[in-house]
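In what follows, a structure is listed as structure tokens, so that the remarks can point back to it.
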Amino acid sequence: MVSGAATGASSLSPARRAWLRFRRNRLGFTSFVLFGVLLVLSLLAEVISNDKPLVVRYDGQFYFPLVKTYPEKVFGGDFETETDYLDPFIREQFAKPGNWAVFPPNPYGAKTINYFAKSPNPSAPSRDNWLGTDDRGRDLLAQLIYGFRVSVLFGLALTAVGTLLGVAAGAVQGFFGGKTDLALQRFIEVWGSMPELYLLIIFSAIFAPSLALLLVLLSLFGWMGLSDYVRAEFLRNRQLDYVKSARALGVPNLQIIRRHILPNSMVPVVTFLPFRMSGAILALTSLDFLGLGVPPGTPSLGELLSQGKNNIDAWWISISTFGVLVITLLLLTFMGDALRDALDPRKAER
């Protein structure tokens with residue numbers, strides 16, 4: 001029985017064995033599942049938190065405000081402007097016999113201002129606003145849901161772009177070596193010495209702030225750390241016998257890199273992905289806190305932290321935002337630790 005189990009384990013591919021080791025790490029795998037659930041929920045933010053009903057039945061007809069804009073006159077109002085579904089008059093119209101509306105669990109959107117709040121802004125948590133409102137009257141729970149989505153999607157995009165650039169630069173350095181490696185190393189030293197924060201301040205003063213501009217600027221500097229690890233892996237793997245045999249057979253360099261060296265050099269790339277994403281989220285939060293990040297009005301965790309600093313008495317803003325940020329970074333850190341242990345060759349299957 002023991003030999004059969006050992007034979008079955010040895011027949012598994014390295015990727016399969018790494019996945020099994022990752023699953024056995026309860027903390028890391030649980031963090032992976034929780035982070036995936038939070039990401040999916042944030043992608044469905046319009047269904048979870050929105051000031052527009054999911055479906056409305058009015059005078060025998062069905063309306064879907066999430067996908068179409070309706071003027072107030074459609075629901076018995078006086079204006080041709082878009083309907084404010086939080087207006088008490090509109091709520092009374094929906095409460096009439098035969099009429100009804102299904103609102104999301106949290107009836108506030110990312111930019112919804114609660115003009116009918118019973119206390120001045122920022123207001124404390126209440127039955128209407130579960131986590132309170134910020135200093136502009138926006139629902140804090142909606143801000144956190146949409147801000148989490150913006151931060152995670154930006155972190156994924158920045159991680160993907162930085163990884164592609166880092167892998168490409170490290171592969172060219174490590175595979176060709178010699179003068180190519182030396183020239184690129186000197187370029188990285190010069191490029192890495194440039195003041196990144198000052199450049200961000202200059203460009204934010206010249207161009208209108210946007211996520212695309214921020215992604216480009218941070219991607220210009222975010223690839224250098226990973227390229228060193230990829231370069232080291234390529235320098236080691238290019239000396240192996242199977243690579244020398246492929247060269248002797250006349251296999252093109254691009255094919256050798258893509259099929260032989262790159263798959264065996266991906267361990268540091270995969271291991272650092274969660275940590276790189278944590279750094280990207282922290283970078284966006286820090287820039288938003290300083291006012292150099294996303295455009296005004298965009299849901300942002302950094303802006304909420306800045307509001308918490310400016311409104312010390314509104315403790316619910318700082319505590320809620322800090323809690324979301326800490327939980328996100330902890331989940332990514334636990335995932336990274338579990339992934340690093342799973343890919344460690346010293347912790348192979350018994």
Is there side-chain contact between [X] and [Y], with heavy atoms separated by less than 4.5 Å?
X	Y	value
L140	W316	yes
P53	P65	yes
V294	P209	no
I281	L332	yes
I261	F175	yes
M266	V230	no
L27	F334	yes

May I ask you to check whether over 12 heavy atoms, not counting those of [X], lie within 6.0 Å of atom [atom1]?
X	atom1	result
R186	CZ	yes
F275	CZ	yes
F32	CZ	no
F322	CZ	no
R259	CZ	no

Counterpart residues, side-chain hydrogen bond (donor to acceptor under 3.5 Å, both in side chains), relative to Y63 (two or more places apart)
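In terms of side-chain hydrogen bond (donor to acceptor under 3.5 Å, both in side chains), with neighbours along the sequence ignored, Y63 is linked to Q61.
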
Donor-acceptor under 3.5 Å ([X] side chain, [Y] main chain):
X	Y	result
S278	P274	yes
N99	Q93	yes
N237	E233	yes
S42	L39	yes
T83	P71	yes

In this structure, which one of D181, D228, T180 forms a side chain to side chain donor-acceptor pair (under 3.5 Å) with Q173?
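Answer after filtering D181, D228, T180: D181.
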
Could you label the plane-to-plane angle of the W223 and F187 rings as parallel, tilted or perpendicular, counting under 30° as parallel and over 60° as perpendicular?
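If you compare the ring of W223 with that of F187, the planes turn out parallel.
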
Once you measure the plane-to-plane angle for Y70 and F75, does it fall in the parallel (<30°), tilted (30-60°) or perpendicular (>60°) bin?
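The arrangement is perpendicular - the two ring planes meet at more than 60°.
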
Start with the C-alpha distance between V152 and F35, add both sets of side-chain angles, then the distance that settles side chain to side chain contact (heavy atoms under 4.5 Å, CB included), and finish with yes or no.
CA-CA 10 Å; V152 172; F35 184 80; 3.9 Å; yes

The criterion is salt bridge (Lys or Arg N to Asp or Glu O under 4.0 Å); which residues satisfy it with D134, sequence neighbours excluded?
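D134 satisfies salt bridge (Lys or Arg N to Asp or Glu O under 4.0 Å) with R138 only.
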
Nearest 0.5 Å, please: how far is CG in L200 from OG in S286?
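With rounding to 0.5 Å, OG (S286) is 11.5 Å from CG (L200).
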
OG of S318 to CG of L305: how many Å apart, nearest 0.5 Å?
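Between atom OG of S318 and atom CG of L305 there are 7.0 Å.
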
Are Y85 and L66 connected, step by step, through hydrophobic side chains (Ile, Leu, Val, Met, Phe, Trp, Tyr) whose heavy atoms are closer than 4.5 Å?
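Hydrophobic grouping puts Y85 apart from L66.
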
Ignoring hydrogens and geometry beyond distance, is a side-chain donor-acceptor pair present between D135 and N121 at under 3.5 Å?
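D135 vs N121: no donor-acceptor pair found between side chains.
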
Taking the six-membered ring for Trp and the single ring otherwise, decide whether the centroids of F221 and W191 are under 6.0 Å apart.
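Yes.
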
